Structure formats: C-alpha cells, structure tokens
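Working notes, structure below.
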Amino acid sequence: MGNVALFHLICGIFIFWSVSLVKAEDTYKYFTWTATYGTLYPLGVPQQVILINGQFPGPRLDLVTNDNVILNLINKLDEPLLLTWNGIKQRKNSWQDGVLGTNCPIPINSNYTYKFQTKDQIGSYTYFPSTQLHRAVGGFGALNVYARSVIPVPYAKPAGDFSLLIGDWYKSSHKVLRQILDSGRSLPYPNDLLINGQKQSTFSGDQGKTYMFRISNVGLKNSINFRIQGHKMRVVEIEGSHVLQNFYDSLDVHVGQSMSVLVTLDQPPKDYYIVASTRFSRISFTATSVLHYTNSQTPVSGPVPPAPTGQMHWSMLQARTFRWNLTSNAARPNPQGSFHYGKITISRTFVMANSAPLINGKLRYAVNSVSYVNPDTPLKLADHFNIPGVFNLNSIQAYPSGGSPNLGTAVFPTSHHDFIEIVFQNDEATMQSWHLDGYDFWVVGFGSGKWTQASRNKYNLVDALTRHTTQVYPKSWTAILVSLDNQGMWNLRSAMWDRQYLGQQVYLRVYDPTPSLANEYDIPTNALLCGKAAGRHT
Ligand SMILES: *[C@@H]1O[C@H](CO)[C@@H](O)[C@H](O)[C@H]1NC(C)=O
Ligand SMILES: *[C@@H]1O[C@H](CO)[C@@H](O)[C@H](O)[C@H]1NC(C)=O
C-alpha cells in the first residue's frame, strides 16, 4: 500500500472514529464548586481573596462545544453570590446568566445549580462574580470551549494551551472598595497588575513547538497591552470568531475581553519575558512572567520589551485589523462569511452615551442619563410572574436625551428577530468597555468624535468580527450590529466594574409576543426566588 493510500485509510478510520463520537460528545459535565474566602499574598501583604474550590484564580473550566454543564455553586462567603459566564450565550436561557437582572443571588450557606449549554460556541472565555464588587478580589477563572472533534479549527493543534488571566489589582478588600463607591467617590488607582493572580509565574514549552496563549483581561478598570520578548503572536480567535491570522508584536486587550494567540518557540533556547502593562492610564503598572524553553539554561535577560509608543490611534488601527476569516468555520462547519450581516436591514438604532454625573451629590455612572439601580426582584422573574412595579419599558430613551441624570431600572424593549445597531458614544475622556450578555455582535466601526449617520459609510460590512465585549476610545464612538435571535432578558453593561456597580448598565428585553419553548426555555425548577417573587412556584 502506498503512502497516499495509507494516509486515506488512516483518515477514513479517523473520520469514522470521530463520527462515532458525536453522540458521546453532546455530553453532560458535572461540577461542584464551593466559594470561600482565603488569605493570600499576591502583593506580599496578606489580603482576603475569593477562592473557588480552594483556588485563586478559580478552576479552569474546560468544555467542548455543545456540552451541557451542571454546576452546583455553594456559597460559603458572608455575602450573597452570583457567578456569570462571560461570553457564554445561554441560548434561550437567560435564566442561567448569573446577573441580578436574571437571577436571585445565592444566599449565604446556600447553593444554586447552574444548568447551561455551550451551544455552537468555541473559544476563550471567563467566568467571574457579578455582584458586590466580588470580582475585585477573585472568584474568576478561565472558561475554554474547545471544538468538537468533527469540526476542524483553522490551525494545527498546539503542543500546549495556557490561560493567562490578567488584571489590575487592589490591596484593599472588596468591602473597602465598595464603601468608596457607595460614598460617591471614584475608585483610586489600582496597586498593581497580576497575571493569574501572581506577580511571577512561568510558562514552559519545548523549542520548535507552538503553544496557545489564551489572554483575558479580568481587571476592574484598565486596558492592558500584552507582549512576549522576541516572539511574534499569531491571533487565531477572538471571543468565538476565527480571525485573519495576522502576526503581532503586542496586543491591546480591554477590560472583559479575551483572545487566543499562537506562539512558536522559534528563538534560541533561553527564557523570555512575558509582559502585560496597563494602557491609557496616567499611572502605569507592569506584570512580567517567564516563557521558559525546556532546554534553556539561561534566565531572562535584556530589557523588558516596552509598550507601544502609539496610544489611542495605534490601538484603534490595531482593532480594525481584527477581521473575520470569511472562509473559516467557527463552532459549526459553515463558513463565517456565509452569514451576510452587512446586507441585513437595520430595524432599530440605539445610541448609548455614557456619563459620570453627580446624582444626589454622589458620583454615579449612567447611560443616556439613567443610572441603573437593581430592583429587589430580578427583571426576568418579574416578567415571568407578571409582577408589576419592578421595571417599566419607558424608563430610558434610545438616544441621549440630554435630560437631567436620574436613577432608574432601565430596560429597553426589543423584539425577537430584530436586527439592531447600537452606537456607543463616549463623550468622556476615558476609555470604555461595553459587554452584551446572550450574544456576540459585529463590531463594524470605530471613530473619533461624535457619531453621525454619515459615520455608517465607513462601517465594515464585509468581514467585521463578532465578539461579546468592545472597547470605546475616549471622545469616540464604536458601532455594533446585533441580530436579536436570543429571546430573554440580557444585560448590556460596562465591563469596567466600578462603572457597572454605579449604574452604567441597562437590560435588553428581547421579547416575542407568542411564547414558545422553542424560543425560550421555561423557568428552571430550582430557580431561586427573592424579592416580590419570593414564595411563588416555578
Ligand atoms: C443545591 O444542591 C443540591 C444537591 O446538593 C441540589 O439538589 C439542589 O437543587 C441545589 N439547589 C439549587 C437551588 O440549585
Ligand atoms: C482562513 O481560513 C482558511 C480555512 O480554515 C485557512 O486555510 C486560511 O489560512 C485562513 N486565512 C487566514 C489569512 O488566516
């Protein structure tokens, strides 16, 4: 038998074996997680952090596309807790989103079993606590969704796979940070920047091999720039999109964002710096780790590679290079380019302007003049049980109103199957990062100054990538398109947690007048009930 014939035979066996795994792969995975406090020394001084199963960062959640996750979370903190699954689309299932608009927080010494599916998703994601500023002190971790073996990814399988959770860090406890915000002041500068909760860590690999680095910004406020001394990074995936595989010396990753890069260890055997530093901030912090070649005898040396000198403009140009590979598939075998998003008529436009007003003498953050306050009853439960008085659908304008800033529970009414445009208008002089739950969206344009209808002429309507979190540059705008194909109550929020905490968030109620279990699952039988929903029956 010739080599080619042998190759085909092996491929045939492989395909047969893969197909026979399909059923086995749509599998259930069970987890029991316990959240506790612990004392750690990330900056050399003791501080209280949130551990999950004794770990900080929390356990890496490795899943496969279409896995069913049954995750029982036990709360052993002294405060109610919720985890959210950042970028997991929760199809038909906002019940499991883990934010206060959809879920009651898990009481102290109690538990809640999340049940969700990573339906048609692939990529690097994260999870983190969504309430009480818990995220400032841990409880976060990596959430990786791997492709099913029957769906090829557009790169060779790497020799290893590292998750790097990078974020600004405070020595103060979340309770102290909360007091600052509750008293109407802004957060101070952080104390440092950590990679996987540490000031020093090492990632080892063999010379000549290629490794995946999954980079996520889990910080509260600061954009970061990431780079590896002497090595180029090939970006392959951003929040579920397979992008054109360009090489980069350094990458900006904004708060709440994730991306996967491949790095080939093609340099002389020694150790190299892995560097992250904060960006666009007057006081800057740097974290370094080590890329260790297993055959290296030489410790890291030489100058730590510097951050790019280019600032906003540089970053915006880089962001425009992240584009869909139209011929590549994503979690499903059809090419990403087969969905012609640029040809769909926009049914509604929203312009969302962030601001930092004083309300009742205290600093708040707002969207179109409304600073969000959480009601005692999750919006989703109020909707389900028809409980009046929790929210109303006229509490916020779809455009900046110029009205005086006020507190409110802002919910945008939208219709299932609408195709909407959202313009994030940032008239402030600081960086913004916006996240939408339940969806990924096309990031079609960035521009400086005020968005106008003419800005649409510059949209990328061909190969914009989809993602769940987008940055908005100071005194600039970012435009996204969203296909509202996922019914439910979805949080649209600042990914910067002080801003989210003080009101820079809203909900999109994606509604269908004809209820159908084909479009949205029923309330889970174990749903926690609180506020005005307490005592109801699921
Ligand atoms: C709490 O955990 C138990 C199993 O230990 C489970 O049966 C129960 O459904 C969980 N509670 C909720 C609200 O999910
Ligand atoms: C796009 O994807 C195809 C199919 O997976 C792949 O062969 C090609 O190299 C990719 N192109 C770029 C520029 O990344």
Side-chain angles (χ1 to χ4, degrees), residues 84-91 94 97 99 119-126 237-243 253-259 316 319-320 322-326 330-332 336-352 354 367 398 412 414-426 432-447 451 455-456 458-473 476-495 504-510:
T84 189
W85 317 94
N86 201 42
I88 297 304
K89 282 193 254 179
Q90 306 289 11
R91 282 203 66 80
S94 61
D97 199 26
V99 290
K119 182 79 182 152
D120 294 333
Q121 286 199 261
I122 178 184
S124 304
Y125 303 96
T126 58
E237 177 266 330
I238 298 178
E239 294 162 24
S241 287
H242 283 140
V243 291
V253 185
H254 305 278
V255 178
Q257 296 184 335
S258 298
M259 60 174 72
M316 203 185 276
R320 290 199 186 111
F322 299 146
R323 285 151 55 202
W324 250 4
N325 179 338
L326 296 176
R332 285 195 281 186
Q336 294 177 142
S338 61
F339 194 89
H340 299 285
Y341 70 92
K343 301 219 163 90
I344 302 172
T345 307
I346 292 167
S347 44
R348 246 184 115 185
T349 295
F350 297 83
V351 178
M352 305 214 186
N354 50 281
V367 187
F412 281 112
T414 65
S415 299
H416 192 209
H417 301 312
D418 269 1
F419 191 80
I420 64 169
E421 172 188 43
I422 302 177
V423 177
F424 298 110
Q425 178 66 53
N426 181 15
Q432 305 292 324
S433 185
W434 279 95
H435 169 90
L436 176 60
D437 278 350
Y439 288 93
D440 49 18
F441 47 74
W442 290 272
V443 184
V444 292
F446 298 95
W451 178 87
S455 308
R456 288 184 181 135
K458 291 192 198 138
Y459 282 3
N460 175 355
L461 294 178
V462 177
D463 61 358
L465 86 168
T466 56
R467 64 187 315 170
H468 57 67
T469 302
T470 185
Q471 71 275 31
V472 189
Y473 294 94
S476 299
W477 55 267
T478 298
I480 66 170
L481 300 178
V482 199
S483 176
L484 296 184
D485 57 3
N486 194 10
Q487 204 174 307
M489 188 67 81
W490 300 109
N491 194 205
L492 175 61
R493 60 173 178 253
S494 176
Q504 190 178 325
Q505 56 171 318
V506 297
Y507 281 80
L508 293 189
R509 179 181 187 249
V510 182

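Treat the numbers as computed from the prediction; the structure is a model and nothing was measured.
The minimum heavy-atom distance between Gln257 and Thr470, with the atom names listed, is NE2-CA, 3.6 Å. Residues Ala495 and His435 approach most closely at CB-CB, 4.4 Å, considering heavy atoms. Contact record, Leu461 with Val444: CD2-CG1, 4.4 Å, taken as the closest heavy-atom pair. Contact record, Ala319 with Tyr473: CB-OH, 4.1 Å, taken as the closest heavy-atom pair. The heavy-atom pair separating Gly447 from Ser476 by the smallest distance is O-CB, 3.0 Å. The shortest heavy-atom contact between Gln505 and Val367 is N-CG2, 3.8 Å.
Below 30°, between 30° and 60°, or above 60°: for Tyr439 and Trp490 the angle between ring planes is above 60°, a perpendicular geometry.
Residues Thr466 and Trp324 meet the side-chain proximity criterion, which asks for heavy atoms closer than 4.5 Å. At a threshold of 4.5 Å between non-hydrogen side-chain atoms, the residues Leu481 and Phe419 count as touching. With a 4.5 Å cut-off on side-chain heavy atoms, Asn86 and His468 count as touching. Two residues are said to be in side-chain contact when any heavy atoms from C-beta on lie closer than 4.5 Å; Thr349 and Arg456 meet this criterion. Between Val510 and Asn486, the closest side-chain pair of non-hydrogen atoms is not below 4.5 Å. Within the 4.5 Å cutoff, the side chain of Ile422 has heavy atoms near those of the Leu492 side chain. Contact of the Leu436 side chain with the Trp434 side chain is not registered, since no non-hydrogen atoms from C-beta on lie closer than 4.5 Å. The shortest side-chain heavy-atom distance between Leu465 and Gln336 does not fall under the 4.5 Å cut-off.
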Note to self: Run Arg493 and Val99 through side-chain contact (heavy atoms from CB on, under 4.5 Å) and show every step you take.
What the structure shows: CA-CA 11 Å; Arg493 60 173 178 253; Val99 290; 3.6 Å; yes
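Atoms CZ and CH2, on Phe446 and Trp477 in that order, are 9.5 Å from each other to the nearest 0.5 Å. In this structure, CD in Glu239 is found 10.5 Å from CZ in Phe322, a value given to the nearest 0.5 Å. With rounding to the nearest 0.5 Å, the separation of OH in Tyr341 from CG in Asn460 is 4.0 Å. Rounding to the nearest 0.5 angstrom, the gap separating the CG atom in Asp437 from the OG1 atom in Thr84 is 5.0 Å. Separating the CD1 atom in Ile122 from the NE2 atom in His242 is a distance of 4.0 Å, to the nearest 0.5 Å. The distance from the CD1 atom of Ile88 to the NZ atom of Lys119 is 13.5 Å, given to the nearest 0.5 Å.
For Gln90 (side chain) and Trp85 (main-chain N/O), no donor-acceptor pair under 3.5 Å exists by modelled atom type. Listed for the Ser433 side chain is a donor-acceptor partner under 3.5 Å among the backbone atoms of Val255.
The salt bridge (Lys or Arg N to Asp or Glu O under 4.0 Å) test with Asp440 singles out one residue from Arg91, Arg467, Lys89, and that residue is Lys89.
The distance between the ring centers of Phe339 and Trp442 falls below 6.0 angstrom.
Within 6.0 Å of the CZ atom in Arg332, the count of heavy atoms belonging to other residues, nucleotides or ligands does not exceed 12.
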